[in-house]
Amino acid sequence: MRVDNLVIGAGIAGITLARRIAEEKGESVLIVEKRNHIGGYCYDYRSKEGILIHKYGPHIFRTEKADIYHFLSRFTDWYDYQHKVLTYVEGQYYPMPINLDTINQYLNKNFSSEEVLDYFEKVRIPCNSPGNVEEVIESQVGREFYEKFFKKYTEKQWGASPDMLPPEIVARIPIRTNRDDRYFTCKYQGVPADGYTAMMQNMLEHKRISVLLNYNFYEHRDEIEAKNLYCSAPIDEFFEYKFGKLPYRCVSFQFERHDMKYYQPVSVVNYPNEFDYTRITEFKHFTKHTSDTTVIAKEIPSDKGEPSYPIPIKENLELYEQYGELAQERKIHFIGRLGTYRYYSMDQIIENVQTMPM
Ligand code: UDP
């Protein structure tokens, strides 16, 4: 089979790119996807109660960029959801990110915003240029808050010590001295009204785009000849691990149905310390679904399974560079979290794909 443009992977990166090729270049594009569904890790479906379930963990769209929001808005309406997260520490729920209420509740104080700044000044461990997760957090809130709210969560999530992990990993989590309890403060925020899968199905509705599901590219490598090849699958796998395996963190989900209206007060509760899971998501909160039963998922990180997060520690990034150079030599374009080995959020993936040279 000969095609102009071949995209490996029907996730948000591959689908955004296919749409761009079809519209901007006016060329045909084939997406091949090894799973039996489109959407990649953003895939969602309705449970028997009609709740939209995010099969691969909670996805909340947010961006500061109007053009990215407007691009997606061509394919979906939005449910105006503002993400709230609680974290469970020593038997109590606390607002996460840490804010004035978290501090006062944990310390059993009644600090004002100014007083909490004085408190941080006393406990913080100063550091001129924090170079890792531990330093970033300790230099803001000191050892105790770091240990209770971040240390073990980060170890569980990444399978690496926080002093090995780069500051960017927690850059998305602010420390607040006000009472704002939103997880994100981006200008545009929400979940697609009818789900991510429906949104992405709409993105694929173009006469120049076709999709093959249940199609593992690596089993058919010699069958497709493509003028341009774009890959959102892990880059090391594409090059048959030529320079060695790139570590990716995997996550598995334990789904449970409960006969109750709500299992927990908000959509996501983090469990930094005890338990092998990092968080529990209760999906009905995303769209305020009203049903007498509820569905939750416990999220368990590990080394085994489908690659999900790149682990951006120095030696991995150096290994990635070798693959990146090979990709340039061979003129193959890598996109998305797994292809570029970057801890991107959805809007960053879209921006990256929309601004890359084609
Ligand atoms: N994090 C933490 N404690 C928390 C929440 C987050 O230590 O209660 C750290 C952890 O290292 C995590 C990172 O902040 O991987 C980013 O968290 P986020 O919720 O954005 O992760 P994602 O949704 O991308 O998995």
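Numbering of ligands and ligand atoms starts at 1, following listing order. In this chain, residues are counted from 1 in sequence order. What you see is a predicted model, and the numbers here were worked out from it, not measured in a lab.
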So what's ligand 1 close to, N/O to N/O, under 3.5 Å?
from     : atom 1 : to     : atom 2 : distance (Å)
ligand 1 : 3 (N)  : Phe149 : O      : 3.0
ligand 1 : 7 (O)  : Phe150 : O      : 3.2
ligand 1 : 7 (O)  : Thr154 : OG1    : 3.1
ligand 1 : 8 (O)  : Asn270 : ND2    : 2.9
ligand 1 : 11 (O) : Thr154 : OG1    : 2.8
ligand 1 : 11 (O) : Trp158 : NE1    : 3.4
ligand 1 : 15 (O) : Trp158 : NE1    : 2.8
ligand 1 : 19 (O) : Tyr183 : OH     : 2.6
ligand 1 : 20 (O) : Arg172 : NH1    : 3.3
ligand 1 : 21 (O) : Tyr343 : OH     : 3.1
ligand 1 : 23 (O) : Arg279 : NH1    : 2.9
ligand 1 : 23 (O) : Arg279 : NH2    : 3.4
ligand 1 : 24 (O) : Arg172 : NH1    : 3.3
ligand 1 : 24 (O) : Tyr343 : OH     : 2.5
ligand 1 : 25 (O) : Arg279 : NH2    : 3.3
ligand 1 : 25 (O) : Tyr309 : OH     : 2.5

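In summary, Arg182 and Asp180 engage in a salt bridge, as defined by a charged side-chain N under 4.0 Å from a carboxylate O. A salt bridge links Glu147 with Arg143; the closest basic N to acidic carboxylate O contact falls under 4.0 Å.
In this structure, Phe283 and His54 have tilted ring planes: the angle between them lies in the 30° to 60° band.
Residues Tyr153 and Thr87 bring no donor and acceptor atom of their side chains to less than 3.5 Å of each other.
A side chain to side chain contact (heavy atoms under 4.5 Å, CB included) with Glu135 is found for exactly one of Pro162, Pro167, Pro130, namely Pro130.
Considering every non-hydrogen atom in both Gly195 and Asp44, the closest pair reads CA-OD2, 3.1 Å.
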